[in-house]
Amino acid sequence: MILSPSLLSSDFGSLEQELKALENAGITWAHWDVMDGMFVPNITFGAPVIKALRKTSGLFFDVHLMICEPERYLADFADAGADLLAVHAEASTHLDRTLREIRRLGMKAGVALNPSTPVSALENVVDLLDQVMVMSVNPGFGGQSFIPQSLNKIRRISAMLREAGSEALIEVDGGIDPDRTPELVKAGASVLVSGSAFFNFPPYAERLRAFERAAASARAGQ
Ligand code: DX5
Ligand code: ZN
């Protein structure tokens, strides 16, 4: 299990220090929620902010684009130093082309699915995926409640990927805390995003351990 803390819940005034604190706590990924005020109601930050912080951090940058027509900005995020770029299936008309372009630019390619979007949206692009992001809340805000139906979706995506011989990671995003972790890991998730249930519970090293213990308990119970 990889924990990818969502910087949406971090202190925006101290992003450099927050990233350092994550690294010092043993975290390896950082989740960047890019919002454009169109695909989702909020506006957060874009490629220039990520690029500035890239210089200060060795973390794996897991970038979640909640923006319309993401294909217009792929090169900007590659230049900013994103390691993984996830676009929403609902936001990209030519998803096949978008995913190929993300890989061509040297990043891992991901697709995020809103809670209402069926698994079948992935069927014809399975070979182009390094990651699938299952949204377990409606995107746009931190601190929302986990939608239980997401578990079933993770199981079905896990089966679909296995059948296709794909090694794409399943990442789950929204409303996740240590209590929720065992069932997510059992269902097939390997990357968990956590915003409010991570940053509101310092120290970060101990919070990471709480998630890791919960994930280990799922494996022991299998
Ligand atoms: C929702 C974002 C998530 C979310 C995670 O639009 O994509 O990354 O903020 O935050 P919590 O864990 O607070 O739901
Ligand atoms: Zn996110």
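In this text, all values refer to a predicted model and were calculated from it rather than measured experimentally.
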If you look at every heavy atom in [X] and [Y], which pair is closest and at what distance?
X	Y	value
P182	A218	O-CB, 3.4 Å
A189	I154	N-CG2, 3.9 Å
G46	V34	CA-CG1, 4.4 Å
A112	E90	O-OE1, 3.9 Å
M35	F141	CE-N, 4.3 Å
D36	C68	OD2-N, 2.8 Å

- Message: Filter on salt bridge (Lys or Arg N to Asp or Glu O under 4.0 Å), then keep only pairs touching residues 4-22, sequence neighbours left out; what's left?
- Response: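 Of all non-adjacent pairs touching residues 4-22, none passes salt bridge (Lys or Arg N to Asp or Glu O under 4.0 Å).
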
- Task: Apply side chain to side chain donor-acceptor pair (under 3.5 Å) to S92 and E69, showing your working.
- Result: CA-CA 5 Å; S92 181; E69 299 180 21; over 6 Å; no

- So, R209 and E212, do they make that salt bridge, N to O below 4.0 Å?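 Not counted as a salt bridge, because no side-chain N and carboxylate O are separated by less than 4.0 Å.
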
- Message: Any salt bridge linking R54 with D79? Criterion: basic side-chain nitrogen under 4.0 Å from a carboxylate oxygen.
- Response: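 Looking at D79 together with R54, the answer is no, because their closest N to O distance does not fall below 4.0 Å.
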
- Could you tell me how the ring of Y204 sits relative to the ring of F199: parallel (under 30°), tilted (30 to 60°) or perpendicular (over 60°)?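 Rings of Y204 and F199: perpendicular, as their planes differ by over 60°.
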
- Item | Parallel, tilted or perpendicular, as decided by the 30° and 60° cut-offs, for the rings of F45 and W32 |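 Rings of W32 and F45: perpendicular, over 60°.
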
- Item | Heavy-atom neighbours of K108 NZ exceed 12 at 6.0 Å |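 No, the 6.0 Å shell around NZ holds no more than 12 heavy atoms from other groups.
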
- By side chain to side chain contact (heavy atoms under 4.5 Å, CB included), which residues pair with S158, not counting sequence neighbours?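 R162, I170.
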
[X] side chain to [Y] main-chain N or O, any donor-acceptor pair under 3.5 Å?
X	Y	answer
Q144	N138	yes
D130	G110	no
T181	A215	no

- Task: Walk me through it: do T44 and D33 pass the test side chain to side chain donor-acceptor pair (under 3.5 Å)?
- Result: CA-CA 7 Å; T44 52; D33 285 310; over 6 Å; no

- Checking R207 against F201: charged group under 6.0 Å from the ring centre and within 45 degrees of the axis?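 Ring-cation test returns yes.
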
